Amino acid sequence: MHLDAGTSELPHLGGPLRWARATAPNTVLHNRWESMDAYFADLPRSRRRRLSALHRRVGGDPELVVESAVPVIDPVHASRLDQLTRMKHTGRPSRVVPLLPAYFERLNHSPGASYFAHRDRSSGRPVSFDLVLDAPGGWLTTVTGSDGGRDLYLDLYLREIDRLIATGVPAVELGPGMRRLKESFGATAVPRHAVAVPF
């Protein structure tokens, strides 16, 4: 059996047949601010200017509707946005198989699942989204999708941080990919290990 484990969990997974290897670290953003103003003030100056300007620009865009922690998303459009995003990050885009709309339909009825999203105001269609799941100790972000325009995927992080602060959620796990980008938002890398243990 294979497990994904943090460094602090390794001593509890001991045994003569255990095998462990370091994997890509997870990135975690710990909530330590009282407001978004305090969050922005905590960033390096150049990053602060860029992200606060983006936050204002997207929030004031008359063509967009910004949604935070909504329970449902259009399954067909979410499937397509996920596929577009994964195609952009692979060397073989023609082989990317989309998540079926049924996946999002199921999540739309699951407690603990919510979306941060931007919708086109005129059509109502989502143009970017991030799926967030409740977990012990905070949130996990997982499936994401974007049509690639207007830096909306960056604004999704800011909307999540804003909600994190407002609701007092202690942390959000942003996942292992794009580590430097996520660290530029204030996240820290947390070592992870793949562990093989006997049944």
Side-chain angles (χ1 to χ4, degrees), residues 6-8 22-70 73 78 81-82 84-91 114-121 126-193:
T7 303
S8 64
T23 60
N26 193 7
T27 47
V28 180
L29 188 136
H30 296 278
N31 186 359
R32 55 186 184 273
W33 306 279
E34 295 180 357
S35 66
M36 277 303 281
D37 287 341
Y39 166 75
F40 285 127
D42 203 28
L43 294 173
R45 186 176 181 184
S46 61
R47 194 68 176 152
R48 178 191 321 148
R49 286 180 174 175
R50 177 160 189 242
L51 292 182
S52 60
L54 172 68
H55 193 252
R56 287 191 305 272
R57 176 170 55 83
V58 173
D61 189 330
E63 297 179 4
L64 290 174
V65 175
V66 179
E67 297 183 320
S68 293
V70 295
I73 196 166
L81 291 172
D82 162 69
L84 288 172
T85 300
R86 288 187 294 121
M87 287 172 67
K88 186 171 66 174
H89 294 287
T90 183
S114 61
Y115 302 92
F116 289 75
H118 302 97
R119 283 191 294 111
D120 178 77
R121 188 176 296 276
V127 292
S128 76
F129 78 94
D130 204 7
L131 171 61
V132 174
L133 303 173
D134 289 342
W139 293 340
L140 302 173
T141 63
T142 174
V143 180
T144 188
S146 174
D147 66 4
R150 298 170 284 190
D151 287 336
L152 295 181
Y153 69 100
L154 298 177
D155 186 65
L156 288 171
Y157 288 131
L158 296 174
R159 302 298 159 181
E160 289 164 3
I161 294 166
D162 195 349
R163 181 79 172 182
L164 193 83
I165 294 168
T167 58
V169 172
V172 56
E173 292 189 25
L174 300 173
M178 299 187 296
R179 177 178 163 186
R180 287 191 179 182
L181 173 68
K182 293 169 183 176
E183 288 178 335
S184 75
F185 281 83
T188 55
V190 177
R192 301 297 292 174
H193 299 81

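We count residues from 1, following the sequence as given. Since this is a predicted model, take the numbers as computed values, not measurements.
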Would you mind reporting whether L51 and L158 have side-chain heavy atoms less than 4.5 Å apart?
-> yes
Check whether any side-chain heavy atom of I165 sits under 4.5 Å from a side-chain heavy atom of R163, and report yes or no.
-> no
Spacing of D155 atom CG and D61 atom CG [to the nearest 0.5 Å] = 10.0 Å
Can you name the nearest heavy-atom pair linking G186 to R32, along with the distance?
-> O-NH2, 3.7 Å
So, F129 versus H118, ring centres under 6.0 angstrom or not?
-> no
Shortest non-hydrogen contact from R50 toward L154 = NH2-CD1, 3.8 Å
Starting at CG of L29, measure out to CD1 of I161 and round the result to the nearest 0.5 Å.
-> 5.0 Å
Could you check if a side-chain atom of T141 sits within less than 4.5 angstrom of a side-chain atom of E173, using non-hydrogen atoms only?
-> no
If only atom types and distance count, is the side chain of T90 paired as donor or acceptor with the main-chain N or O of R86 below 3.5 Å?
-> no
Check: P62 main-chain N/O paired with R121 side-chain donor or acceptor under 3.5 Å | yes
When rounded to the nearest 0.5 angstrom, what distance separates CZ in R179 from OG in S184?
-> 12.5 Å
Do T27 side-chain atoms and G175 backbone N/O form a donor-acceptor pair below 3.5 Å?
-> yes
Given side chains that start at C-beta, do those of P126 and I73 come closer than 4.5 Å, heavy atoms only?
-> yes
For the student: nearest non-hydrogen atoms of L152 and S128, plus distance | CB-OG, 3.7 Å
On the ring face of F185, is R47 found with NZ or CZ under 6.0 Å from the centre and within 45° of the axis?
-> yes
Reported CG-to-OH distance for the pair D162 and Y39, which is rounded to 0.5 angstrom | 10.5 Å
Nearest non-hydrogen partners of D147 and L84, listed with the distance | CA-CD1, 4.5 Å
To the nearest 0.5 Å, what is the distance between CG (D82) and OG1 (T144)?
-> 8.5 Å
CD (E63) with more than 12 external heavy atoms under 6.0 Å | no
Return the minimal non-hydrogen interatomic distance between G138 and V169, and the atom names on each side.
-> CA-CG1, 3.7 Å
Determine the minimum heavy-atom distance between L64 and V58, stating which atoms define it.
-> CD1-CG1, 4.1 Å
Can you tell if the side chain of V66 reaches within under 4.5 Å of the side chain of R119, non-hydrogen atoms only?
-> no
Could you tell me if the ring centre of F116 sits under 6.0 Å from that of W139?
-> yes
Residues S68 and R159: side-chain donor-acceptor under 3.5 angstrom | no
Which one of V172, L164, T188 satisfies the side chain to side chain contact (heavy atoms under 4.5 Å, CB included) criterion with H30?
-> T188
Ignoring hydrogens and geometry, is there a side-chain-to-backbone donor-acceptor pair from R48 to L43 under 3.5 Å?
-> yes
Six-ring centre of Y153, K88 cation under 6.0 angstrom, axis tolerance 45° = yes
